[in-house]
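Shown next, in structure tokens, is the structure this report addresses.
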There are 2 protein chains.
Amino acid sequence: MTVGAKETTIYDIAAKLDISAATVSRALKDHPRVNKNTKKLIVKTAAEMGYLSNSFASNLRKKSSNIIGLIVPRLNSNFMSDVIAGIEKVLNNNNYNVFISQSLETMTKEISNANDMLVNRVDGLMVSLAYDTTNINHFEPFVKRNIPVIFFDRVFEQDDYPQIYIDNFKAAYEITAHLIKQGSKRIVHITASQLRNVYSDRLAGYKKALEDNNLKFEEALVIINNLSSEAGHEAANQILKMAPLPDAVFSANDICAVSCMQTLKKNGIRLPDDLLFAGFNNDPLTCVIEPNLTTINYKGYEMGEVAAKQMISRLMNKDEFQPAHNLILKYELIVRESSLRNK
Amino acid sequence: MTVGAKETTIYDIAAKLDISAATVSRALKDHPRVNKNTKKLIVKTAAEMGYLSNSFASNLRKKSSNIIGLIVPRLNSNFMSDVIAGIEKVLNNNNYNVFISQSLETMTKEISNANDMLVNRVDGLMVSLAYDTTNINHFEPFVKRNIPVIFFDRVFEQDDYPQIYIDNFKAAYEITAHLIKQGSKRIVHITASQLRNVYSDRLAGYKKALEDNNLKFEEALVIINNLSSEAGHEAANQILKMAPLPDAVFSANDICAVSCMQTLKKNGIRLPDDLLFAGFNNDPLTCVIEPNLTTINYKGYEMGEVAAKQMISRLMNKDEFQPAHNLILKYELIVRESSLRNK
DNA sequence: TAAATTTGCGCAATCGATTGTATTATTTTA
DNA sequence: TAAAATAATACAATCGATTGCGCAAATTTA
């Protein structure tokens, strides 16, 4: 095929072999009602002619694209990259392709991405929500069209959609209890938009741990920001102004925790002597900062696999009703020097 | 529209308004030859009926998808995430969507991804190559079909494709010269697959800087690995065995540099006193490791924008021949404590 | 050997939007 | 007011693959 030449179609193959296009079509998808030898000949000829199936035509006729949409807040984390790798593996094995987009943490772009997915007729949609998403009306057109929508990690508090996540409440409870056991009594909690389960659940777990250990919850010890590196520096400045100083910090992600630690250190605070620290996510940064950061680890790859398998299962059984059950994955608390009180 | 109901088509709209589907089609895309009032009525009715354009049919007829494929080695870096954000912004503004996939640094998956892109009939393809890609035959089907292919960052040494990258030779030269100026004479260079321009150019720049400063190039000082965190630890062990010890290390990426520094520090090497260090990419890690790491910074977002604009330009002028010229972007050397000899 | 199955293949409709080419209605020009 | 020009709309083919149905040939069964 030379530049600009016309694409080969099943009709061209049919004409060349003097058979019908229907047979060519069936042969190429290994339909049982086509003779083996005919199949071989057709496949061989198709290859020779540089045939490439036209997915537009096929999709149009079949009313399905074999594409799954994926909307995530950002791509730049090991966690997300792992999730995606897990999703891709499972979906590719099941003959689906993945259409990825990032919302950049804004509902506006999330809506726009969802619409793109709709126009491009994805067969299913997998979503991890942006910070400021207040409602999920933009996913209703999918439900109306019977296109499965699955949430993972950053889910929405609603029973209509299947969801995959970890027990953020329990993880935060454990990490807070750990800090308390190390002798902390005034624990700052840095977190983000309470619209997102991952952050509201962690705050709730933190509160419950305080309560169970007879510590009073203080609103003033909760800092809400966007958990960015810059926010961490600012949080440090807020902490420095607290009187008396707190004796521990539990940040809802590692990036923010690390930059917060850096600024505190620059201001003469000794870690972990003056202040214990804990983060969340087990980012590579945690093993670089000194002292190494205590954190919660959970496997993105596995979460991706589980979510994708759930999707496949729903696509395979589109006819029958599937209750939207939730899957809760494991995590582990990793204790490092940052949260160990020197005795 | 209720679950399972049939999708509204332009024929449904046409029937309801007792006009032809052709007019509906033209009205919906704001064709000048349709009366303004008719347009309004059609748009309104379409909205009321919950009409959603069928992209399969449209693409089939128009022979284009308005989708650009994007293949990158991995998604989990700030750099790549920025590149993608830049690409998305430009392409979305021009009514294109982006189909993203990661090769996970293997040629096998890169080929598989390319085929998926081909089957899904992308209108253009943007690629940053995997470590072990030895040839780019898998992109020829695109060229044959007159589908633009553009390489960025990890490009291929061949003039047939437009390429966007930074001057890796010069950057490496500068960083090496900087280390030499600080008094280094035996500089280790850690790098990856020499198949990739980014690494071979950096090695060449390193060599040239040595030469220009009358330092002999020593094969034994070059470590080739996959630049992962683990590889950094191993590199440190190799370095520890060198006798005499080198007096500086220039790593072709930051992640590897940082883990290498960590292991060296654990083994009693003082940084930067015993050994100067420099990395590449300006990863967030560079500001966390102690001492902070000297590195090369270049903006991914800008690279994405430039590459995408190049793509748009080629798509706009598909008829006319476009010479495959290369675009070389700016970078900056960021000097931090890791490469400053204490006097 | 006749009847019943099974195998192999073709016909033709279908999936929806697009668009070149009419055709009709309206406006402008002479 | 008739002719010319323009605006607005309709007709019908087209893009390629899929698939229900029908038919003939080959094979199996009775």
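Just so it is clear: chains get the letters A, B, ... in the order the sequence lines come, proteins before strands, and each one is counted from 1.
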### Task
Say whether, by atom type as modelled, one donor and one acceptor occur between the side chain of A:Ser193 and the main chain of A:Asp132 under 3.5 angstrom.
no
### Query
Which residues within residues 22-31 of chain B lie with some heavy atom under 4.0 Å of an atom in DNA chain D?
B:Ala22, B:Thr23, B:Arg26
### Query
If you measure from CG on A:Asp82 to CD1 on A:Ile87, what distance do you get to the nearest 0.5 Å?
11.0 Å
### Query
Would you say B:Asn94's side chain and B:Tyr96's backbone share a donor-acceptor pair under 3.5 angstrom?
no
### Query
Is a side-chain N or O of B:Asn197 found less than 3.5 angstrom from the main chain of B:Val155, in a donor-acceptor match?
yes
### Task
Look at atom NZ of B:Lys318 and say whether more than 12 heavy atoms of other residues, nucleotides or ligands are closer to it than 6.0 Å.
yes
### Query
Quick one, which residues of residues 112-121 of chain A touch DNA chain D with a heavy atom under 4.0 Å?
none
### Message
Rounded at 0.5 Å granularity, tell me how far CD1 in B:Ile136 sits from CG in B:Leu129.
### Response
7.0 Å
### Atom pair CG (A:Leu75) and CD1 (A:Ile100), whose distance is rounded to the nearest 0.5 Å
6.5 Å
### Task
Locate the shortest heavy-atom distance separating A:Pro323 from A:Arg314; write the atom from each residue and the value.
O-NH2, 2.7 Å
### Task
Would you grab the first and last nucleotide of DNA chain D (5' to 3') that comes under 4.0 Å of any non-hydrogen atom in chain B?
D:dA7 to D:dG16
### Query
Tell me, do B:Leu28 and B:Val24 make a side-chain contact under 4.5 Å, heavy atoms counted?
yes
#### Entry: Test: A:Glu88 and B:Lys109 ion pair at under 4.0 Å
yes
### Among B:Phe152, B:Phe151, B:Phe156, the one residue meeting ring pair (Phe, Tyr, Trp, His ring centres under 6.0 Å) with B:Tyr161
B:Phe151
N/O contacts under 3.5 Å, protein versus nucleotides 6-8 of chain C?
| unit_1 | atom_1 | unit_2 | atom_2 | d |
| --- | --- | --- | --- | --- |
| C:dG8 | OP1 | A:Asn35 | ND2 | 3.2 |

### Query
How do B:Arg61 and B:Lys39 order along DNA chain D: which one's closest nucleotide is nearer the 5' end?
B:Lys39
### Query
Measuring from A:Ile164:CD1 to A:His325:NE2, what's the distance to the nearest 0.5 Å?
8.0 Å
### Task
Could you tell me the separation between the CE atom of B:Met126 and the CG atom of B:Asp153, rounded to the nearest 0.5 Å?
12.0 Å
#### Entry: B:Asn54 side chain to B:Phe56 backbone, donor-acceptor under 3.5 Å
yes
### Message
Heavy atoms within less than 4.0 Å of DNA chain D: which residues of residues 10-20 of chain B have one? Give them sorted by number.
### Response
B:Asp18, B:Ile19, B:Ser20
### Task
Answer yes when A:Glu105 and A:Arg196 have at least one side-chain N-carboxylate O distance shorter than 4.0 Å, and no when they do not.
no
### Query
Within the side chain of B:Asn95, is there an N or O that forms a donor-acceptor pair under 3.5 Å with the backbone of B:Asn66?
no
### Message
Using five pairs at each end of the helix from C:dT1-D:dA30 to C:dA30-D:dT1 to define an axis, what is the angle between those two axes, to 10°?
### Response
30°
### Message
Tell me the closest heavy-atom pair linking A:Ala14 and A:Ser20, and the distance in Å.
### Response
CB-C, 3.7 Å
